[in-house]
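A quick write-up on the structure given underneath.
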2 protein chains.
Amino acid sequence: MSRVTLKELAQHLGLAEGTVSRAMNNYSDISPKTREKVQKAADALGYRPNHTARRLATGRAEAVAYLMPTSSSAISNPFVSQLLEGLGDALSKRAWDLLVVQPQSAEDELDALRKLVASGKVSGVVLSRPTKVDARIDYLKKTGFPFIVHGRARDSAGYAWYDIDGRQAMMDAVDHLVALGHSKIAFIGAPTYQNFANDRLDGYRAGLAANGLVEDANYISIAELTDEGGERAAFDLLSEPEHPTALICVTDVQAIGALAAIRARGWVPGEDVSVIGYDGVWMGRHANPPLTSMAQPQAHSGRQLGDMLLSIIDGGNPEDFQVLRKAELIRRKSDGPPKLASQKTRQATSREVL
Amino acid sequence: MSRVTLKELAQHLGLAEGTVSRAMNNYSDISPKTREKVQKAADALGYRPNHTARRLATGRAEAVAYLMPTSSSAISNPFVSQLLEGLGDALSKRAWDLLVVQPQSAEDELDALRKLVASGKVSGVVLSRPTKVDARIDYLKKTGFPFIVHGRARDSAGYAWYDIDGRQAMMDAVDHLVALGHSKIAFIGAPTYQNFANDRLDGYRAGLAANGLVEDANYISIAELTDEGGERAAFDLLSEPEHPTALICVTDVQAIGALAAIRARGWVPGEDVSVIGYDGVWMGRHANPPLTSMAQPQAHSGRQLGDMLLSIIDGGNPEDFQVLRKAELIRRKSDGPPKLASQKTRQATSREVL
DNA sequence: CGCTATTCCGAAACCGCTTTCGGAAACAAG
DNA sequence: CTTGTTTCCGAAAGCGGTTTCGGAATAGCG
């Protein structure tokens, strides 16, 4: 229990505390001989420097914080866990600590952040899920406190981030659908104050334009980020007479809900109506039918974020750390060419449903 | 940036540091008058005590750690995220910190824990996923360091835990299947050094016995905790001539894989072969067919764990904090009475497959 | 009004480690 | 052998709080 302290170690060695301390920290004004002697005695006695005292003396926190997203919907995202794992990994190389802070509410977020940087408990922060214009980012930029964000805000200049190009992904999705022969492509999105939702919607639109398709407001539905959200949105979208033949969803979770809505209408997803999700979660493989999706390269994002943050804390220029990765289409069974007879099918079924 | 310090606050007030400190901490030897004066000045100047200094002086860490499970399989469990959320909640009431520590490997786990308690960085620990006999638990019990575990080891005495009764759940699952008419019930499990896997396997066996069924070693398959694991296990189980008519899986993830295996054989899950999972993850609703499962009451487990740990740190007796919750059967579409013609079907299909 | 019992605050030691500063010891050069 | 450098270590002052201890000021009491 009672740890061996620097003082004890020092008098055990017959040296001054300061000397021992400098020896442990590889100061150049300690002779190799004594340095070695100290080292040996140190791990003979099992000396471990008290982190708290060291922090206090140096002012360095040797810890970073992860600010949990508040709006982690019912479907608690597995991303958090993966991300933390990677972060922990990156930090463990320096034996730094990882603090997880959980704002009480969305409004509390900025305040929690303020307190955090003021507290000096950490020397860097990682943020998740930025909003379109994110007060936290603005605050951190202003103070110059080291941070990195997973994702990015609409304004992506002047800070470090790691993101997947959701805009491009959605353009690709549209391209794919068009290549398949679709022209009536709808989008199920999420509230665009979340910037990732905004990016992806934007990509959908850009994709439409790039293919000479005109955007139809009735083909865009903003829904909750849950399976039910996707389900309801899909259901509504499909009840129009001129209903779309393909659905792009901002999220796999929604897409899986959309699948259910299609089946509920008596149609078969991937034949009567195509759907493409985004994320590439493992579950997609087991959806009914298996979900085609724009898959994010999840691998080691946490690790990368950690390494980048560390570099920034070391004095690196945040702007040098902006990495944009690509999502890849993984085709499964929920997409296909549009049914030629879709017109007939639609009328039959709508009678049936009503 | 430069925080206002106690000394500054003190001389601003014309009081001694110690006095101000005691005033802030509600010592009884401070007159209400000065206490109030101090309070007012404090938040006028925006004084926030330096956490690190306080820690050093008091020896209290005001933080707890969550030891991440190392073996978080590819399917990163969303549990972690939920649990952290709850923990954070519980801690925020006291403004304590939550540290997440990530052991480098399974072997490193005990060592990491040792370092952690030795470091004095936290005043309590929460553990996850105990093994059947868990060295971490033994260690913590011996040292008397406050901790709580999510789940429990085979020996559940002498420490605090929060667990779901997996044994009972599996007995219930067997009962349910038997009531449906099944007698050839197989089990897909996980390596039993993980105690939850052990408990559930045990429950399966007990359920069999309670229903007068004899256990058949060929009906028990230990697989990886992934969809593929469940898929392979189910496939093998179903290739026996006297194959089971029902599968109980230690995990929904496996069960979803098992569903795939059944479909791959050309059978329909829930009719030709029943399967019951465990966990009640949201995805089960969208499996093909929707998965019947023993659902855990996930709600607020993190919060509860946090509150309990806090109580223990406050001096509570760990043995007073052992809570066992029940899992509930949620029926969806993957279970049903056994097919009478199962014999015929099996033969036909096995030819087909071979 | 004097004396004891309270109430309230100041002073100082301490928590464990870092870091600056100055000087003793050791060595080189003149 | 002195003087001038280097090399290496000791001493001490923090870092920003907490907590014990003793005493001054105030109050209570006869």
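In what follows, chains are A, B, ... by sequence order, proteins preceding strands, each numbered from 1.
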Paired with Tyr162(A), the side chain to side chain donor-acceptor pair (under 3.5 Å) test is passed by just one of Arg325(A), His150(A), Gln304(A), namely Arg325(A)
| query | So what does Gly14(A) hit on the nucleic acid, given a heavy-atom distance under 4.0 Å: a base, only sugar-phosphate, or nothing? | reply | sugar-phosphate
Arg3(B) CZ to dG16(D) C1', in whole Å, measures 10 Å
Please tell me whether Gln104(A) and Ser92(B) have a donor and an acceptor in their side chains that are separated by less than 3.5 angstrom. yes
Check this one for me: any side-chain N or O of Arg60(B) less than 4.0 Å away from OP1 or OP2 of dT19(D)? yes
Between CG of Leu56(A) and P of dA13(D) the distance, given in whole Å, is 17 Å
(Q) Assess whether a salt bridge exists between Lys93(B) and Asp307(B), defined as any Lys/Arg side-chain N lying under 4.0 Å from an Asp/Glu carboxylate O. (A) yes
Taking every heavy atom of Ala153(B) against every heavy atom of Lys132(B), the minimum-distance pair comes out as CB-O, 3.4 Å
Q. Any donor and acceptor pair, going by atom type alone, linking the side chain of Glu319(B) with main-chain N or O of Gly158(B) inside 3.5 Å?
A. yes
What residues 18-32 of chain B contributes to the DNA chain D interface at heavy-atom separation below 4.0 Å is Gly18(B), Ser21(B), Arg22(B), Asn25(B), Tyr27(B)
Taken to the nearest whole Å, NZ/Lys7(B) to C1'/dT18(D) is 15 Å
5'-most to 3'-most nt of DNA chain C touching chain B (<4.0 Å, heavy-atom partner on protein side) reads dC8(C) to dG16(C)
*Do Lys142(A) and Asp138(A) sit within salt-bridge range, that is, some charged N less than 4.0 Å from a carboxylate O?*
no
Heavy atoms under 4.0 Å, any strand shown: does Thr34(A) hit a base, just sugar-phosphate, or nothing? sugar-phosphate
Item checked: Distance-only donor-acceptor check, side chains Arg35(A) and Tyr27(A), under 3.5 Å -> no
Q) Is there a donor in the side chain of Ser128(B) and an acceptor in the side chain of Tyr66(B), or the other way round, less than 3.5 Å apart? A) yes
From CG of Leu6(B) across to C1' of dT18(D) the rounded distance in Å is 9 Å
Rounded to whole Å, NE2 of His51(B) lies from C1' of dT18(D) at a distance of 14 Å
Rounded to whole Å, the CD-P distance (Glu17(B) to dT20(D)) equals 17 Å
Quick check: does any side chain N or O of Glu36(A) sit under 3.5 Å from a backbone N or O of Lys33(A), one acting as donor and the other as acceptor?
no
